[in-house]
Amino acid sequence: MKEKIRSLLKKRKAILLAHNYQPPEIQDIADLCGDSLELSIRAAQTDAKVIVFCGVNFMAETASILSPDKTVLLPRKDAGCPMADMVTPEALKARLDNLSPMPVVTYVNSTAAVKALSTICCTSANATKVVNSLDAPEVLMIPDRNLALYTASCTHKKIHTWDGYCPVHNFLTREDVEKVKQTYPDAVFMAHPECRPEVLKLADNVLSTSGMIRYARKSKSSAFIVGTEIGLLYTLKKASPNKDFYPVSKMMECPDMKKITLDDIIRSLEFMEGEVKVPENIRQPALKAVQMMIDLSLPK
Ligand code: 13P
Ligand code: SF4
């Protein structure tokens, strides 16, 4: 199946991008695995004609926003992100009507229609940098409350939050972490900023998924407790085979990130099925917010 996918990718002049939470067999055939920021940058830079996105809908939409002339395929159209659906354009407009004018910083885990109403996007890898780059004392950060609260603890700016959350990360409690820390007292605890503040307080480091991979590789420590979706354990072990990684909870599995199979990729490439295309009236304003974030994140 892997050979078939590689030959179909060649035939279609396609590139396969996979998020770090994707199943091992998909990560192993991808041209690039990464966090949301790395995947957006790669989607903007590739000269491939087709982008097969193994992740969830908002990631494929971001690729379509950045590359309107390419065909973006999401091999399972029903792979979504529940957090992205926790803010709608109507609800955002209503909230803005009740706030003094301020920039809207939107996590990429959001729909294209919401991005279109935003000042700038951010990811878990650059949220503080994005907020600090804005010439305003107050910002509204949507939709992830936990990312917003974490960013507030890293900046002097006033952050207004939204009541969204990731069901996978928000599930984790301080008690869960304390239990695992007792079992592995010497392990470094890395947590994703989508976790609750009570969990992040216990973390040695708060990082994006690729941030965790880089940090574990460089660290002098040899054992790590991983506070994010369990798919990252495979990626971490692959990058640092001599180190030990323990999930903070085996319950932290994102069902949407596990929907795509090798069969789906083959079908998608054979029949060009699962195209994600953002309409031009939404793409144009959404591009401004995404591009502003990318320009800020690329090395100068
Ligand atoms: P990263 O950008 O850190 O990879 O996170 C994406 C995501 O969906 C986390 O739940
Ligand atoms: Fe969305 Fe959470 Fe799944 Fe990431 S882990 S895609 S934020 S539901």
Side-chain angles (χ1 to χ4, degrees), residues 36-37 40 55-66 68 74 78-155 157-170 192-197 208 254 256 276-297:
S36 307
L37 181 61
S40 313
V56 292
N57 190 269
F58 76 80
M59 298 178 175
E61 271 193 348
T62 305
S64 165
I65 290 168
L66 286 161
L74 179 67
D78 58 341
C81 168
M83 171 159 56
D85 298 327
M86 291 181 191
V87 53
T88 61
E90 294 71 32
L92 175 57
K93 280 183 200 156
R95 176 78 184 275
L96 288 172
D97 283 346
N98 289 308
L99 280 176
S100 53
M102 66 180 70
V104 180
V105 177
T106 299
Y107 195 25
V108 282
N109 299 40
S110 55
T111 61
V114 166
K115 288 183 177 79
L117 297 175
S118 309
T119 312
I120 187 167
C121 286
C122 75
T123 74
S124 62
N126 61 15
T128 305
K129 192 173 181 182
V130 164
V131 166
N132 285 340
S133 75
L134 296 166
D135 187 16
E138 298 184 33
V139 305
L140 171 65
M141 268 189 97
I142 59 168
D144 189 8
R145 181 185 54 219
N146 291 338
L147 178 68
L149 290 172
Y150 174 67
T151 309
S153 73
C154 304
T155 177
K157 294 192 193 272
K158 182 172 163 73
I159 311 259
H160 297 262
T161 63
W162 188 271
D163 221 9
Y165 59 90
C166 161
V168 180
H169 288 82
N170 195 57
H192 195 277
E194 287 173 15
C195 295
R196 297 180 195 189
S208 77
C254 174
D256 284 277
V276 172
K277 185 125 189 97
V278 176
E280 211 42 33
N281 62 326
I282 292 177
R283 191 189 78 81
Q284 291 281 356
L287 176 63
K288 267 195 205 152
V290 177
Q291 194 62 53
M292 201 169 153
M293 168 191 82
I294 290 182
D295 292 345
L296 194 75
S297 307

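Since this is a predicted model, take the numbers as computed values, not measurements.
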**OP:** Decide if atom NZ of K158 counts as having more than 12 heavy atoms of other residues, nucleotides or ligands within a radius under 6.0 Å.
**Re:** no
**OP:** Hey, could you give me the CG/OG1 distance between L117 and T106, rounded to the nearest 0.5 Å?
**Re:** 8.5 Å
Original post:
Between M83 and H169, is any pair of side-chain heavy atoms under 4.5 Å apart?
Top reply: no
Subject >> Any C81 side-chain heavy atom under 4.5 Å of N57 side chain >> reply: no
Original post:
With S64, which residues qualify under side-chain contact (heavy atoms from CB on, under 4.5 Å), at least two apart?
Top reply: V72, V278
Original post:
Any idea which heavy atoms bring L134 and P103 closest together, and the distance?
Top reply: CD1-CB, 4.0 Å
**OP:** Please collect all salt bridge (charged side-chain N to carboxylate O under 4.0 Å, His left out) contacts where either partner lies in residues 122-139, sequence neighbours excluded, each pair once.
**Re:** none
Original post:
Nearest heavy-atom pair of V131 and M141: which atoms, and what distance?
Top reply: CG2-SD, 4.0 Å
**OP:** Work out which heavy atom in A84 is nearest to a heavy atom in T111; give both atom names and the distance.
**Re:** O-CG2, 4.1 Å
Subject >> Pairwise side-chain hydrogen bond (donor to acceptor under 3.5 Å, both in side chains) hits with a residue in residues 278-288, at least two apart >> reply: E280-R283, E280-Q284
Table please: side-chain donor-acceptor pairs of residues 85-95 below 3.5 Å, with sequence neighbours left out.
from, atom 1, to, atom 2, distance (Å)
T88, OG1, A91, N, 3.1
R95, NH1, T161, O, 2.9
R95, NH2, T161, O, 3.0

Subject >> M59 to G55 - nearest heavy-atom pair and separation >> reply: SD-CA, 4.1 Å
**OP:** Tell me, please, which residues at least two apart from S36 pass side-chain hydrogen bond (donor to acceptor under 3.5 Å, both in side chains).
**Re:** none
Original post:
Can you check whether N170 reaches R196 side chain to side chain, under 4.5 Å on heavy atoms?
Top reply: yes
Original post:
Which distance, rounded to the nearest 0.5 Å, do you find between the CG of L149 and the SG of C195?
Top reply: 13.0 Å
**OP:** Could you list the residues that satisfy side-chain hydrogen bond (donor to acceptor under 3.5 Å, both in side chains) with E61, not counting sequence neighbours?
**Re:** none
Original post:
Which atom names give the shortest non-hydrogen contact between A116 and I282, and what distance separates them?
Top reply: CB-O, 3.7 Å
Original post:
What residues, two or more places apart in sequence or in another chain, satisfy side-chain contact (heavy atoms from CB on, under 4.5 Å) together with N126?
Top reply: L37, C122, T123, V130, M293, S297
Original post:
Does L96 reach the side chain of L140, with side-chain heavy atoms less than 4.5 Å apart?
Top reply: yes
**OP:** Can you measure from SG (C166) to CG (N146) and round to the nearest 0.5 angstrom?
**Re:** 9.0 Å
Subject >> pair Y165-P82: side-chain heavy atoms closer than 4.5 Å >> reply: no
Original post:
With sequence neighbours left out, what residues match S40 under side-chain hydrogen bond (donor to acceptor under 3.5 Å, both in side chains)?
Top reply: none
**OP:** Measure the spacing between CG of D144 and CD of E194 and express it to the nearest 0.5 Å.
**Re:** 5.0 Å
Original post:
Taking only residues two or more places apart in sequence or in another chain, which ones pass side-chain hydrogen bond (donor to acceptor under 3.5 Å, both in side chains) with D256?
Top reply: K259
**OP:** Would you please name every residue forming a side-chain contact (heavy atoms from CB on, under 4.5 Å) with D163, sequence neighbours left out?
**Re:** R145
**OP:** Among residues two or more places apart or on two chains, list those pairs meeting salt bridge (charged side-chain N to carboxylate O under 4.0 Å, His left out) that have a residue in residues 99-123.
**Re:** none
Subject >> Heavy-atom closest contact (T155 atom, I159 atom, distance) >> reply: CG2-CD1, 4.0 Å
Original post:
Would a 4.5 Å heavy-atom cut-off, applied to side chains only, mark L99 and H160 as touching?
Top reply: yes
Original post:
At what distance, to the nearest 0.5 angstrom, does NE2 of H192 lie from OG of S124?
Top reply: 3.5 Å
**OP:** Test I142 against every option in V114, L147, V105 by the side chain to side chain contact (heavy atoms under 4.5 Å, CB included) rule and name the one that passes.
**Re:** V114
